[in-house]
Number of protein chains: 2
Amino acid sequence: MSYCDTCVIRNQAICSALTTEELSALNAIGRRRDLEPGESLMWEGDDSLLVANVIDGVLKLSTGTEDGREQIVGVVYPSDFIGRPFGATSSQNVTALTNSRVCIFSRTDFDAFASEHPALEHKLLKRTLSELDRTRRWLLLLGRKNAEEKIATFLLEMAERLGAGGSDEWESPISFDLPFSRQQVGDILGLTIETVSRQMTKLKKEGVIDLPSRRAVVILDRQSLEDHAG
Amino acid sequence: MSYCDTCVIRNQAICSALTTEELSALNAIGRRRDLEPGESLMWEGDDSLLVANVIDGVLKLSTGTEDGREQIVGVVYPSDFIGRPFGATSSQNVTALTNSRVCIFSRTDFDAFASEHPALEHKLLKRTLSELDRTRRWLLLLGRKNAEEKIATFLLEMAERLGAGGSDEWESPISFDLPFSRQQVGDILGLTIETVSRQMTKLKKEGVIDLPSRRAVVILDRQSLEDHAG
DNA sequence: CGGTCCGTTGAGAAGTCTCAATACAAGTGG
DNA sequence: CCACTTGTATTGAGACTTCTCAACGGACCG
């Protein structure tokens, strides 16, 4: 009996490239692990010993400077892939933001398995190419946008990933709970916590969004938010 | 007679995954093209019609905002791969910075060829994973480093890619010519041309680097430059 | 009730940008 | 050979954005 049989991400993750038989071979080299918020799965600079699929939860990928400044370089959701196959060291920290469940493989086991299953590598390649596109778009945000544009862009991306709106997907309002603290939003956007707070308050005062509680966001005027995003 | 037989990047580019026979099949669907500085190969938002290998030269990948701000999101050198396989639209501009030569494929032809040659996809996957790591490191630079640290980090990376030093690779001085104007350095680092100029002048006055001509850089004190890089 | 965590708000400092002037190098035509 | 133009880089002064430091507020918990 394989964990994979009942896995909720069976058809979304890279596993969807595999037949039932192949999947049971993969299952044999993997195991599940639960993580609590704040718990880390791997650290920047460490040997790359693990790779994993996210089954449930939200995790951050981050790097930092020696003097403690942090930058979040990626956020992963269920069915996303984590870790650095075919590489000696992992180049970022991976930390759970919510209660999370992941499906872990030894990196060397996974490398060997992937090398024998081109369809799996093909899925992983497509995923990696998409992630590279997404990351490059983030470079524009960090390099050339001001605080207001950063916040607006960020909220729109969150809405797309997490949002629940009305009947029409373009219809306001769209509401969701951020899986991030203000500090973490700052670490994503390259801003301080105070600047994040001020810009969100400003958008609220302008009637573009509402902030009913600490983590909750409601987008009242999507068009206006897009105008603010630059 | 195939172009590939005499290709200088035959053993560095993803082509190195292929046998001689496979390579001649790839050669059949590719063609060479020369580009002048400033000439573009593809544009952000266009249909993804082409992919290519860089044979010679340096090219930039860039995106911009509607109001004309630009961010360089990648720089490619000989043997690097360009374009977005398995995707409908290209997400950045690709523009030659120097006289360049590329080996072009129709994206759909390449997709089909790659899907039948797992070793090629494997090479491309490894390359894409490395590029993603590099891009994520750039997020830290753009999000959390100040102008001085950005310039120092940038010069060190350029030295690594382009540098010619003394007998010992760690020995100063290391000298190279930047393939970028000051404006382009600004577009890479998310700074204005004036800030780039001021910070470089500052490092020169401190004796860390020398700037014998517009494009030339000499790293006089590598350790000090690393200290400035944060 | 007091403590802790997190977010908000305020005031001043610092860094970067904007705008303007100047400098320098290379090329052109007289 | 010398003005003149053009493109690029440097330098300066002031404006603006964001950061830093500090105080305050609200929610949750013992």
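Every chain is numbered from 1 and lettered A, B, ... according to where its sequence line falls, protein lines coming before strand lines.
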Q.
Can you measure Leu189(B) atom CG to dT16(C) atom P for me and round it to whole angstrom units?
A. 12 Å

Q: Please determine, by modelled atom types, if Ser48(A) and Ser90(A) share a side-chain donor-acceptor pair under 3.5 angstrom.
A: no

Q: Just jot down the side chain to side chain contact (heavy atoms under 4.5 Å, CB included) partners of Glu44(B), sequence neighbours excluded, or say none.
A: Thr63(B), Asn93(B)

Q. OP1, OP2 of dT18(D) versus side-chain N and O of Thr192(A): anything below 4.0 Å?
A. no

**Q.** Basic-acidic side-chain contact under 4.0 Å: Asp67(A), Arg69(A)
**A.** yes

Q: Give the rounded distance in Å between these two atoms: CZ of Arg69(B) and P of dT17(D).
A: 12 Å

Q | Contact list for residues 46-84 of chain A, test ring pair (Phe, Tyr, Trp, His ring centres under 6.0 Å), sequence neighbours left out | A | Phe81(A)-Phe110(A)

**Q.** Protein-nucleotide distance (Leu191(A), atom CG; dT8(C), atom P), rounded to Å
**A.** 14 Å

Q. Who are the side-chain hydrogen bond (donor to acceptor under 3.5 Å, both in side chains) partners of Thr135(B), not counting sequence neighbours?
A. none

Q | salt bridge (Lys or Arg N to Asp or Glu O under 4.0 Å) partners for Arg134(B), two or more places apart | A | Glu131(B), Glu157(B)

Q. Hey, does Gly190(A) reach any base, or is it just sugar-phosphate, or nothing, if we go heavy atoms under 4.0 Å?
A. sugar-phosphate

Q: Output the residues of residues 142-151 of chain B in contact with DNA chain D, where contact means a heavy atom of the residue under 4.0 Å from an atom of the strand; sort by number or write none.
A: none

Identify each atom pair where a protein N or O and an N or O of nucleotides 7-12 of chain D are less than 3.5 Å apart, giving names and distance.
residue : atom : partner   : partner atom : Å
dG7(D)  : N2   : Arg214(B) : NH2          : 3.1
dT8(D)  : O4'  : Arg214(B) : NH1          : 3.2
dT8(D)  : O2   : Arg214(B) : NH2          : 2.8
dA9(D)  : OP1  : Arg182(B) : N            : 3.3
dA9(D)  : OP2  : Arg182(B) : N            : 3.3
dT10(D) : OP1  : Arg182(B) : NH2          : 3.3
dT10(D) : OP2  : Arg182(B) : NE           : 2.8
dT10(D) : OP2  : Ser197(B) : OG           : 2.8
dT10(D) : O5'  : Ser197(B) : OG           : 3.0
dT11(D) : OP2  : Thr201(B) : OG1          : 3.0
dG12(D) : N7   : Arg198(B) : NH1          : 2.7
dG12(D) : O6   : Arg198(B) : NH2          : 3.3

Q) Do Thr192(B) and Arg182(B) meet the criterion of a side-chain donor-acceptor pair at a distance under 3.5 Å? A) no

Q: Would you check if Val73(B) and Trp138(B) make a side-chain contact, meaning some heavy-atom pair closer than 4.5 Å?
A: no

